[in-house]
Participant: 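Sharing a structure below in structure tokens format, with a few things to ask.
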Amino acid sequence: MFDVEKIRKDFPVLQQKVYGNPLIYLDNGATSQKPRVVIEKINSFYSLTNSSIHRGIHFLSEQATTEYESARNRVKEFINAEHDHEIIFTAGTTASINSVAFSFGEKYIKAGDEIILTEMEHHANIVPWQMLCDRKGCKLKIVPIDDNGDLLLEDFEKMFTPKTRILAITHVSNALGTINPVREMIKTAHANNVPVLVDGAQSIQHGVVDVSDLDCDFFVFSGHKIYGPTGIGVLYGKEKWLEEMPPYQGGGDMIKNVTFEKTTYNDLPFKFEAGTTNYVGAVGLAAALDYLTETGREEIEEYESELTGYAHGKLSQVEGLKFFGTSANKIGILSFLIDGIHQYDAGMIIDKLGIAVRTGTHCAQPVMDHFGIDGTLRASLAFYNTKDEIDRLYEALLKVKQMLGT
Ligand code: PLP
């Protein structure tokens with residue numbers, strides 16, 4: 001039985017008041033709050049275990065290394081990858097995508113080649129590819145969306161040519177909430193001999209992700225959006241690609257041997273982990289994944305799906321409210337505007353009522369351009385949110401309308 005009140009007690013930040021009102025945190029798409037087990041794990045690691053990994057022969061270094069490598073194994077199990085060495089720790093989704101765009105681009109992309117993205121990508125899955133195009137003279141092709149926020153799949157299928165080198169696509173849109181049919185899209189791409197990078201920044205925290213079942217070539221996500229620490233992220237890559245791709249950064253830990261004449265690179269995964277990594281973040285991330293597994297990933301998915309349906313129903317009762325992102329297949333991201341009211345004005349008023357939502361373009365400017373708007377209000381749900389909080393958001397929006405006279 002999913003007990004949301006019990007779960008809420010695990011999150012210290014949720015226990016506070018903001019401007020005299022109980023905090024209602026609905027900005028989970030930007031970053032999620034941390035359960036006590038994650039905070040305590042980081043505290044105990046710094047208090048008892050902290051030491052540089054992979055380099056020392058002393059007790060603490062060996063302990064820290066063991067914990068770091070077991071965190072890698074934990075991630076591997078969580079996403080069902082085949083090998084531990086297919087899990088690269090990075091600083092986050094953005095760092096992971098930049099790493100693939102550079103390393104894959106160096107090896108496989110030349111002038112005239114094509115990269116397929118979609119109109120609903122976060123800037124983190126646009127700009128690194130644009131930078132690659134500037135360096136190499138390749139070009140982007142963009143799968144369009146319709147007004148519900150669904151991809152136009154017929155257009156997608158016609159986009160492949162012998163020059164297509166990679167498809168990079170978000171699993172779930174951070175601005176619209178759409179869950180893309182990535183499994184089928186990966187099949188189509190593979191039938192055209194094109195590998196696929198899936199941006200999982202908004203999907204992995206909401207349900208079970210199995211990279212072996214998806215058969216994606218790369219899968220990336222951030223620790224801070226999945227109830228773990230910030231500054232840590234994951235790049236999963238199939239061994240065959242990671243083996244062939246050159247490293248992204250040079251420095252310590254990614255080398256086997258260095259002379260001024262020549263450097264030989266380390267084996268996977270270390271080849272892609274230059275310098276002192278965020279080993280404390282990795283250990284904290286593993287604690288978050290354990291917490292989610294114990295809570296029940298299927299149960300979380302079910303609870304969030306019911307809450308999303310409730311939230312859509314409730315907010316649609318606000319007269320003049322228009323949703324952006326009305327796909328039949330979506331997660332708990334509710335992007336909306338209210339007739340005649342600017343998102344910033346509404347956001348500022350509901351903040352004073354203790355409710356945190358996001359305003360702006362959500363780093364997805366092309367989505368805003370599609371709808372001809374300069375931003376939305378976005379309430380993004382987590383499994384610690386409740387129907388009561390949605391009711392309070394609804395009442396706050398009525399107050400906004402009353403105050404701004406519409
Ligand atoms: N991709 C998507 C879909 C996102 O929602 C985000 C963050 O909001 C990112 C990438 C970038 O994540 P990060 O800032 O953690 O690197």
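Counting starts at 1 for both ligands and their atoms, following the listed order.
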Participant: Ligand 1: which residues have a non-hydrogen atom closer than 4.0 Å?
Facilitator: T93, T94, H122, A124, T170, N174, D199, A201, Q202, S222, H224, K225
Participant: Verify the neighbour count for atom CD of E239: are there more than 12 heavy atoms of other residues, nucleotides or ligands below 6.0 Å?
Facilitator: yes
Participant: Could you tell me whether E243 atom CD has more than 12 heavy atoms of other residues or ligands within 6.0 Å of it?
Facilitator: yes
Participant: Could you tell me whether Q317 atom CD has more than 12 heavy atoms of other residues or ligands within 6.0 Å of it?
Facilitator: yes
Participant: Would E244 and Y108 count as having a side-chain donor-acceptor pair, cut-off 3.5 Å?
Facilitator: yes
Participant: What residues, two or more places apart in sequence or in another chain, satisfy ring-ring contact (aromatic ring centres under 6.0 Å, His included) together with H54?
Facilitator: Y68, F270
Participant: Within 45 degrees of the axis of the six-membered ring of Y291 and under 6.0 Å from its centre: does R36 put its NZ or CZ there?
Facilitator: no
